[in-house]
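Taking it in order: structure first as structure tokens, then the write-up.
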Amino acid sequence: MYPSRFRYEAPRSLVEALDLLRTGDEAKVLAGGQSLVPLMKLRFAAPALVVDINNVPGLAHHELDAEGNLHVGALCRHADLERSQLLKAVQPTMAAAAPLIADPIVRNRGTLVGSLCHADPQGDWASVVLALDGSIVAEGPAGRRTIAARDFVLGPFQNALAADEIAVEAVIPAPRGTPAGGYLKLERRVGDFATVGVAVAVETQEGTVTRAGIALTGVGGSTIEATDAEHALVGGPLTPDSVAEAADLAAAAARPKTDHRGTAAFKRHLVRTFVVRALDRTGEEAA
């Protein structure tokens with residue numbers, strides 16, 4: 001199918017892009033377009049205006065600031081993160097997820113920030129950023145504001161951006177201890193959406209877990225933060241008992257539905273299995 005008729009603009013500055021969003025037309029911002037374009041071709045999305053921000057400078061970065069926080073710009077591609085030595089050094093959970101995003105074609109064009117804005121319940125980056133306690137920086141007429149990842153997704157394919165705002169970057173706070181973790185997912189074939197995905201991020205100091213993040217993909221109407229499971233890990237070492245408790249609590253937090261990908265019980269079992277597997281690997285890395 002072909003998309004509905006739309007107006008296309010390619011601004012060369014963020015100010016120009018924001019001005020276009022204030023015209024009153026129903027608009028969509030295009031960065032990688034790997035989610036937006038298929039929706040438009042199927043006519044599930046029919047914006048009157050497409051604002052292509054690929055000519056806007058200063059948005060392709062991923063870098064640390066002076067405090068060690070990681071900033072990922074709106075035009076930073078999945079492939080940039082997949083190849084990043086910086087990510088491997090400072091954010092193992094993100095480094096584990098980057099090669100699992102879709103397929104090479106999508107990774108060459110798609111962006112982390114675009115994936116967060118798309119708010120697909122089966123999107124991988126949302127659970128990773130949530131597990132890392134990340135946030136999204138939005139710019140609009142009133143300036144910049146920071147939205148916590150747990151507050152950014154309002155529901156399936158719904159985010160907290162105002163109609164005249166653009167998400168310009170994602171920010172991952174600097175770890176306060178030694179970071180470890182990973183991302184595990186089950187997909188029917190390479191490049192498919194996750195049947196179940198689990199992001200685990202743990203920080204330790206002298207063998208004690210000082211912070212834990214566990215977030216789930218594909219087992220609810222939006223990404224799920226398994227807060228009870230996180231709390232079960234903090235304050236002590238990773239032990240078989242604490243890992244098993246966290247895995248049980250994460251499985252209990254899941255809200256899967258039976259569909260062509262598997263039964264609800266099967267998906268809940270996968271959540272538990274992935275949490276155990278990721279935490280066991282984390283414990284081995286810490287040791």
Side-chain angles (χ1 to χ4, degrees), residues 26 28-29 32 34-40 42-47 78 93 97 100-102 106 110-136 138 147-163 165 167 170 183-188 191-201 212-231 246-275 278:
E26 183 181 348
K28 288 287 188 181
V29 174
Q34 301 304 292
S35 298
L36 176 60
V37 171
L39 289 179
M40 291 176 63
L42 293 169
R43 300 202 176 190
F44 292 155
H78 303 307
T93 302
L100 302 181
I101 306 300
V106 170
T111 66
L112 178 148
V113 173
S115 177
L116 297 178
C117 292
H118 186 49
D120 190 323
Q122 293 176 302
D124 300 298
W125 280 126
S127 60
V128 172
V129 173
L130 183 57
L132 290 166
D133 197 24
S135 57
I136 294 86
I147 308 165
R150 60 179 52 88
D151 300 322
F152 187 71
V153 176
L154 304 180
F157 307 102
Q158 297 179 352
N159 63 51
L161 291 173
E165 287 183 316
Y183 182 70
L184 297 172
K185 67 187 270 190
L186 175 69
E187 51 192 349
R188 294 179 299 175
D192 195 9
F193 288 108
T195 298
V196 173
V198 172
V200 172
I214 299 176
L216 315 177
T217 295
V219 288
S222 60
T223 305
I224 295 171
E225 184 177 17
T227 52
D228 289 342
E230 296 169 348
H231 296 158
D248 288 339
L249 290 169
R255 300 189 297 272
K257 292 184 178 180
T258 297
D259 57 19
H260 63 285
R261 294 172 180 266
T263 66
F266 170 66
K267 295 176 184 180
R268 204 179 295 275
H269 171 74
L270 281 177
V271 169
R272 189 187 190 286
T273 299
F274 283 167
V275 171

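All values reported here derive from a predicted model rather than from experimental measurement.
- Environment of CD in E26: sparse, with no more than 12 heavy atoms of neighbouring residues, nucleotides or ligands closer than 6.0 Å.
- Atom NZ of residue K28 and atom CG of residue L39 lie 8.0 Å apart, to the nearest 0.5 angstrom.
- Among all heavy-atom pairs drawn from G221 and P156, the shortest one is O-CG, 3.1 Å.
- Atom CZ of F193 has 12 or fewer neighbouring heavy atoms from other residues, nucleotides or ligands inside a 6.0 Å radius.
- Contact between A254 and R268 at its shortest, heavy atoms only, is O-NH1, 2.9 Å.
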_C117/L161 under side-chain contact (heavy atoms from CB on, under 4.5 Å): CA gap, chis, key distance, verdict_ = CA-CA 8 Å; C117 292; L161 291 173; 3.9 Å; yes

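- Across all non-hydrogen atoms, the minimal contact from V275 to A250 is CG2-CB, 3.8 Å.
- Evaluation of the salt bridge (Lys or Arg N to Asp or Glu O under 4.0 Å) test over residues 251-260, restricted to residues two or more places apart or in two chains, returns D259-K267.
- Applying the salt bridge (Lys or Arg N to Asp or Glu O under 4.0 Å) test to every pair with at least one member in residues 148-160, sequence neighbours left out, gives these pairs: D133-R150, R150-E225.
- In this structure, T223 and A126 approach most closely via the heavy-atom pair OG1-CB, 3.3 Å.
- Listed by first and then second residue, the side chain to side chain donor-acceptor pair (under 3.5 Å) pairs involving residues 121-132 are H78-W125, D124-Y183, D124-K185, S127-T217 (not counting sequence neighbours).
- In terms of modelled atom types and a separation under 3.5 Å, the side chain of T93 and the main chain of V200 share a donor-acceptor contact.
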TODO: Please test F274 against L186 for side-chain contact (heavy atoms from CB on, under 4.5 Å), starting from the C-alpha separation and ending with a verdict.
DONE: CA-CA 9 Å; F274 283 167; L186 175 69; 4.1 Å; yes

